[in-house]
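To start, the structure under review is shown below, and the notes come after it.
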Amino acid sequence: MSGKPTYEELEKRVRELEEKEAEHRETEKQLKISRKLLRDVMDIVPVYICAKNLKGEFILANKKLADFYKTTADEMIKVSHSEVCEDEEELKSMLADDLEVINSGKPKLIPEETMESPDGSIALLETYKIPFTAYEDPAVLIVATDITSRKRDEEERKYLEAQFQQAQKMESIGRLAGGVAHDLNNLLSPILGYSEMLLFDFDENDKRRDSLQQIIHAGIRARDVVRQLLAFSRKQALEFKTVDLNKVLSRFEKLLRRTIREDILVKIKPGPQVPLIRGDIGQLEQVIMNLAVNAQDAMENGGTLVIETFAAELNGNITVYNEKIAPGKYLILSVKDTGSGMSAETRKHLFEPFFSTKGEQGTGLGLATVYGIIRQHGGGISVYSEPGNGTTFNIYLPVSQNNDASPDTDVEIPSNLHGTETILIVEDNAQVRSITCGILESYGYKILVAENGMDAIAILKKHKKQVQLILTDVVMPVMDGKKLSSMALALDPDIKILFMSGYTDDVIAHRGVLDEGVNFIQKPFTVQGLAARVRKVLDNIN
Ligand code: ADP
Ligand code: MG
């Protein structure tokens, strides 16, 4: 049955068409929304996202990736990977991974890969590649996280950890070395003292003098090793003075030139107007000598040794061996050679005691000593060295606050070491006590002895005003040297005090630096050394 559609029928068809159109519009709207949703998600997340087909053409890219390649997401879909990536190697490896994922149908994680942008900046990526089936053609979806800064932080942390461990290691070796040195010191006092005194008793022609000389010689060598260990462990007593390092250098130059082989050119370059520092002159000379001798060892076939000083202001960003150096004004002592240089491995260990690459010839104590002395001066050391290219040690010494003070000058050793004064010796170690008495008696002094501070005070009270000098150990049971000193001074303000110790203890020193005006002698001492120090204290020579 046909014929003209009725009005109702027409109306129905128009309604149907209208409904379809509305449906269509709605679908389009939904499509737009989901496209925008996808776009937004892709552009908001902080990762690189793209999809590529078998030919390596981008079929999807987010803004972050487009930004990295200095283009737009729309432009990217028009190009293939080879057009944005300039690095052949990078491109080859990335495309190979893409193919692998597409062909195998299995996802792949690339833990670390680099991506270079047109301006040359490089991002380190952790990348997931996933088979992608949203398109008709086979494709791969790529999601990559930028791990550049995470990696940098990790490396920084590892570096700091290593530095910290190294510092801790030096600290504990230092404690061990200090402990050994302390005990050996007490043993060496009688060995050195008695053998030196025996030498006086023997006849000039006595054959046994030779044997005795050998004992003394060995004892002195042992004492030197102990001193170096003490220096490394920063337990050595330093006597700080205001020092003009240029003057120290010029006075030391002669000795240096005599010590260093002739095929080495020694250049001393004192900087103009270098600031004064606070330091122990003898120890600073030791530092210069140790560095110079090492430089000589490194220049087997001759070369040049340059020692210079200059002022520098540090902003705190310089890392010297193990630690950052505090910002401030410094005097730099630089010791440079044209020798063999050293490997990274040697650089890592060179300040450790007994580390040496010289076999039998080396003690491995030279730089350990330098390290301890400089740390005790509040300074730092940096090393620049490469195999075959020579070595430079830079020593940073903090500038003295009191820069106007005139630097102290050295005092001559008194020529006559004898005396008739009364000395009270206070020492708890019996052997050290008797050798000390023996030495001073042999120089004519009248001697009183006490085993501890309490006994000493009793003796002082008994012999009122008769004792001119107290020679006392620092750490003793019952009453320590410091307490004894203040009680003795209360009894007799004119009495002189000379501390002796194998160790610097906080009782008389702050971090090993003696308080101004404190008289101190390091154990073990030689006969002459003790006699000279006692004479100087009695005569008020510092
Ligand atoms: P030693 O000189 O007895 O070996 P040191 O503590 O003085 O001990 O030095 C430790 C090591 O550091 C040396 O054995 C050497 O390998 C290295 N070293 C020190 N100074 C220099 C230098 N100027 N040039 C090359 N290597 C050096
Ligand atoms: Mg050395």
Side-chain angles (χ1 to χ4, degrees), residues 166-167 169-171 173-174 176-178 180-181 220-236 249 252 255-261 263-269 282-309 320-322 332-377 379-396:
Q166 179 71 8
K169 187 169 92 186
M170 295 297 270
E171 232 11 82
I173 306 175
L176 176 69
V180 171
I220 287 174
R221 287 225 313 268
R223 186 197 59 193
D224 289 346
V225 171
V226 167
R227 288 252 159 104
Q228 295 177 73
L229 284 178
L230 272 181
F232 169 69
S233 59
R234 288 177 272 147
K235 289 288 192 231
Q236 189 166 241
L249 258 180
F252 197 57
L255 179 64
L256 203 62
R257 286 188 196 275
R258 247 183 307 167
T259 315
I260 300 300
R261 281 196 329 264
D263 60 343
I264 290 169
L265 180 64
V266 180
K267 285 189 191 166
I268 309 244
K269 297 183 180 171
Q283 298 298 314
L284 292 171
E285 286 175 348
Q286 182 77 58
V287 165
I288 300 168
M289 186 53 97
N290 289 6
L291 293 175
V293 168
N294 276 345
Q296 163 175 265
D297 291 345
M299 297 187 282
E300 273 189 345
N301 305 314
T304 308
L305 167 65
V306 184
I307 303 179
E308 46 187 333
T309 55
V320 296
Y321 194 70
N322 284 338
I332 297 181
L333 167 71
S334 167
V335 180
K336 187 167 160 187
D337 66 58
T338 55
S340 60
M342 48 186 129
S343 66
E345 188 56 24
T346 298
R347 277 206 309 275
K348 216 162 117 189
H349 297 289
L350 80 174
F351 292 110
E352 290 166 16
F354 306 112
F355 174 82
S356 175
T357 56
K358 298 171 192 167
E360 291 278 288
Q361 315 293 335
T363 62
L365 285 171
L367 288 180
T369 310
V370 168
Y371 177 80
I373 294 173
I374 296 307
R375 292 278 312 268
Q376 223 175 338
H377 277 74
I381 312 170
S382 67
V383 188
Y384 304 94
S385 184
E386 268 174 46
N389 270 331
T391 300
T392 302
F393 282 92
N394 278 342
I395 303 231
Y396 298 77

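Whatever order the structure lists them in is the order used to number ligands and atoms, beginning at 1. Side chains are part of it too, since the values below use all heavy atoms of this structure and drop only hydrogens, waters and symmetry mates.
- Atom-to-atom distance recorded for Ile307:CD1 and Leu256:CG is 4.5 Å, nearest 0.5 angstrom.
- When heavy-atom distances to ligand 1 are checked against 4.0 Å, the residues falling inside are Asn294, Ala295, Ala298, Asp337, Gly341, Met342, Thr346, Leu350, Phe355, Ser356, Thr357, Lys358, Gly362, Thr363, Gly364, Leu365, Gly366, Leu367, Thr391, Phe393, ordered by chain and number.
- Taking 4.5 Å as the limit, some side-chain heavy atom of Tyr371 sits within range of a side-chain heavy atom of Arg375.
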Exercise for review: Evaluate the side-chain hydrogen bond (donor to acceptor under 3.5 Å, both in side chains) criterion for residues Asn290 and Gln286: first the C-alpha distance (whole Å), next the side-chain angles of each, then the deciding distance (0.1 Å), finally the verdict.
Suggested key: CA-CA 6 Å; Asn290 289 6; Gln286 182 77 58; 3.0 Å; yes
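- We find that Glu352 and Lys169 are joined by a salt bridge, their nearest charged nitrogen and carboxylate oxygen being less than 4.0 Å apart.
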Check your understanding: Checking side-chain contact (heavy atoms from CB on, under 4.5 Å) for the pair Phe354/Leu365: CA distance, chi angles, key distance, verdict?
Key -> CA-CA 6 Å; Phe354 306 112; Leu365 285 171; 4.0 Å; yes
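- Look at Asn294 and the Mg ion (ligand 2): an N/O/S atom of the residue is under 2.8 Å from the metal.
- Atom CD1 of Ile395 is separated from atom OG1 of Thr309 by 12.5 Å, given to the nearest 0.5 angstrom.
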